[in-house]
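Naming: A, B, ... by sequence-line order, numbering from 1 per chain. What you see is a predicted model, and the numbers here were worked out from it, not measured in a lab.
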Amino acid sequence: MTEDILYSIRNLTVEYRTRAGSVQAVDNVSLDIRRGEILGLVGESGCGKSTLGKALMRLHTGPARITNGELWFDGRDLMTLSDREMPDVRGAEIGMVFQDPMTSLNPVQKILDHLTETIHTHEPETSAAAARTRAEELVERLGIRRERLNEYPHQMSGGMRQRVMISLALALRAKLVIADEPTTSLDVIVEAKFLDLLRELQKEFGLTILLITHNIGVVAEVADRVAVMYAARMVEVGDVRDVFADPKHPYTQGLLRSVPNIKLDGGELYKMDGAPPSLLHPPKGCRFHPRCPFAMGICSVEEPSLDAVENDHLASCWLYRDVAVKQEARNG
Amino acid sequence: MSPIAIIALIIGIPSLLLLAYVFVRGSTGLRRYILTRIVLTLPMIFILATMVFFILRILPGDPVSSALGPKGTPEMIQSIRTQLGLNDPLIVQYGRFLWSMVTLRFGNSLVGGHRPIVDEMSERFPATLELIVPASILALLVGVYGGALAAAKRKRALDFSLRIYSVVIYSLPIFWFGLVLQLFFGVRLRWLPISGRIDAVIGTSLKTITNIYSLDALLTGNWPAFFSVLQHLILPTLTLGLILSGVFVRMTRINVIETMQADYIAAARARGIRERVLIYGHALKNAMIPVITLIGLQVAILLAGAVLTETVFSWPGMGSYLVERISARDYTAVQSVITVFAMLVALISLAVDVIYSLVDPRVRY
Ligand SMILES: Nc1ncnc2c1ncn2[C@@H]1O[C@H](COP(=O)(O)OP(=O)(O)OP(=O)(O)O)[C@@H](O)[C@H]1O
Ligand SMILES: [Mg+2]
């Protein structure tokens, strides 16, 4: 099954150096993104989703640093590339769609120039006319009339701009698109249309999409698989249907119960106890144990690894390890 | 055609084209904005001219006694004052002055040969133009490129050097800086002339058309004159241009650094666009928008700097003319020069605003 994995993240740690101390916003995370899937990445605000997304393109600047890990993308480890080589991957092989389409386009650059500049950056030999034609065909496919290419970003609506962002990510036929909360700033109807578009693109181009969101509903709607993050760690990964029907990790269980559900007949909405921990001083052992209704002695001592609980359904929780393993972990 | 008319055409035609362009292509809002600006500017110039008029008359001394010196008898002084209209009631003089401003005729000088101010300015104004245009270009080039370079090399040696440069150069007195350049390049190395606009001997061969000597030399194909003018221009241009460049270095640097934090820069970086292009293309272009506003604000400082530079380098422009006539108490000349300066400041900052609205697609007045 290894051949259908497009991106294999191994033991990734990303650190922010701040005045208060260093914060591991992504801590020893491993995750596989399969070719052609839409993988939803969910978790509370501040758990490190965006940090993980940016790390996949080694986009960090300023206080952030990847301190450990391997990033196997399409057969090579991006961590071994030099800073001069990385830009060739960005935009060409991996594209990114950001949360706020209102601020993600250059205000003094026409839409067309955004596209042709991207094309020329990666394919300098393309003629201006050819780049223009490509841009026109691409945006029309995404439901933007070609005349609008001559407009400036401020002349477009949020939904249109988010389509432009997608077209930019696809301009070079990227294999993977990382979409970081792409619909958060859109209204529900525009959001639904945009999600449909993502689905179509996935089918049509065989596109792989990492969809970062804190909206469980969005994941349920479009994702094939889902990865759940809690306090910089990966706690559960599996098929959307499996995870939603039978969540393994107590955090995922709480998360799903706290989602408003229309079928819910007037009952109180579940609210998880406690607050997410500070990443500056995370709890020892399993980071969820202070809030966990099933916490055991070992939970506050040892961190559980992310292992298969059922076929193709991973969770990092002591509830699913047999006593022998627990014992071994305690002694070893 | 008189030189002043030609100059008026050189400044006027582009301004009119710009205005025409805006009125044809611009939005109604922009049109209304420009009209409002013009309407608001006129009272400002009026107030300024009025203040100058009265301040001059409060100052001790008057044009006649300073021209005659100690040998003037009171009777002589009185008769000349009457001839020049200086004994008329202040309100009559004020009315005459306002009328001369409205008609842009400015009246006659009160000293020397009592020549029309317009004639005197038509010799002096081109000299100032010849100085401030290259000085502004130099200030912008050094400022914008230096600022972008400092931002690109942030927190490294080059950045620190450029920041020190910008603070030091901005706080240097023009007199002192001009003098140092004169001493070094003129007196010590003997590379460059330290005063005047053109070599005296070569100057006799120059046929003047616009009184902008470099342009006249080009138009008549007089190469020796052209190179002499360039030589004379170097030190004054460096003095004025470099001193003005400091504030542009700072502004550009800050704005480029701030723009580099913008989401669209991160998004462009995620498309593989290289750091160099991000800084000198994307960020600099956006950072220029506030810098353009700064150009408008710097026009007054540019003219004030020109006055000092012209004095240091005996440059026969509007600035040295102003200084000469202040000490001679030539009321008419001083009033006229200051009014012209005020109009110039208003005109250029309006033009800068219009350019701003054309550069930034989001601006809608
Ligand atoms: N520039 C920064 N400097 C210091 N720490 C940061 C910085 N950016 C993020 N962090 C830290 O990293 C953690 C994860 O941030 P990240 O933006 O990845 O969270 P997220 O899961 O995307 O949250 P959200 O849902 O709000 O977008 C934050 O809790 C914060 O402590
Ligand atoms: Mg985020």
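Between B:R274 and A:D83, no side-chain nitrogen of the basic residue sits less than 4.0 Å from a carboxylate oxygen of the acidic one, so the salt-bridge criterion is not met.
The minimum heavy-atom distance linking B:A267 with A:S104 is given by the pair CB-O, 3.5 Å. The two residues A:M96 and B:A270 make their nearest non-hydrogen contact at CB-CB, 4.0 Å.
At most 12 heavy atoms of other shown residues, nucleotides or ligands fall within 6.0 angstrom of atom OH in B:Y145. Within a 6.0 Å sphere centred on CD of B:E258, other residues, nucleotides and ligands contribute 12 heavy atoms or fewer.
Heavy-atom distances place the backbone of A:I94, and not its side chain, under 4.5 Å from chain B. For A:Q99, no part lies near chain B; criterion is any non-hydrogen pair under 4.5 Å. With a 4.5 Å cut-off on non-hydrogen atoms, A:M165 touches chain B through its side chain but not through its backbone.
The side-chain heavy atoms of A:V108 and B:I289, taken from C-beta on, include a pair separated by under 4.5 Å. Residues B:K285 and A:Q109 fail the side-chain proximity criterion, which asks for heavy atoms closer than 4.5 Å. Counting heavy atoms from C-beta outward, B:R271 and A:T121 have side chains that stay 4.5 Å or more apart.
Between the CZ atom of B:R269 and the CE atom of A:M86 there is a distance of 12.0 Å, given to the nearest 0.5 Å.
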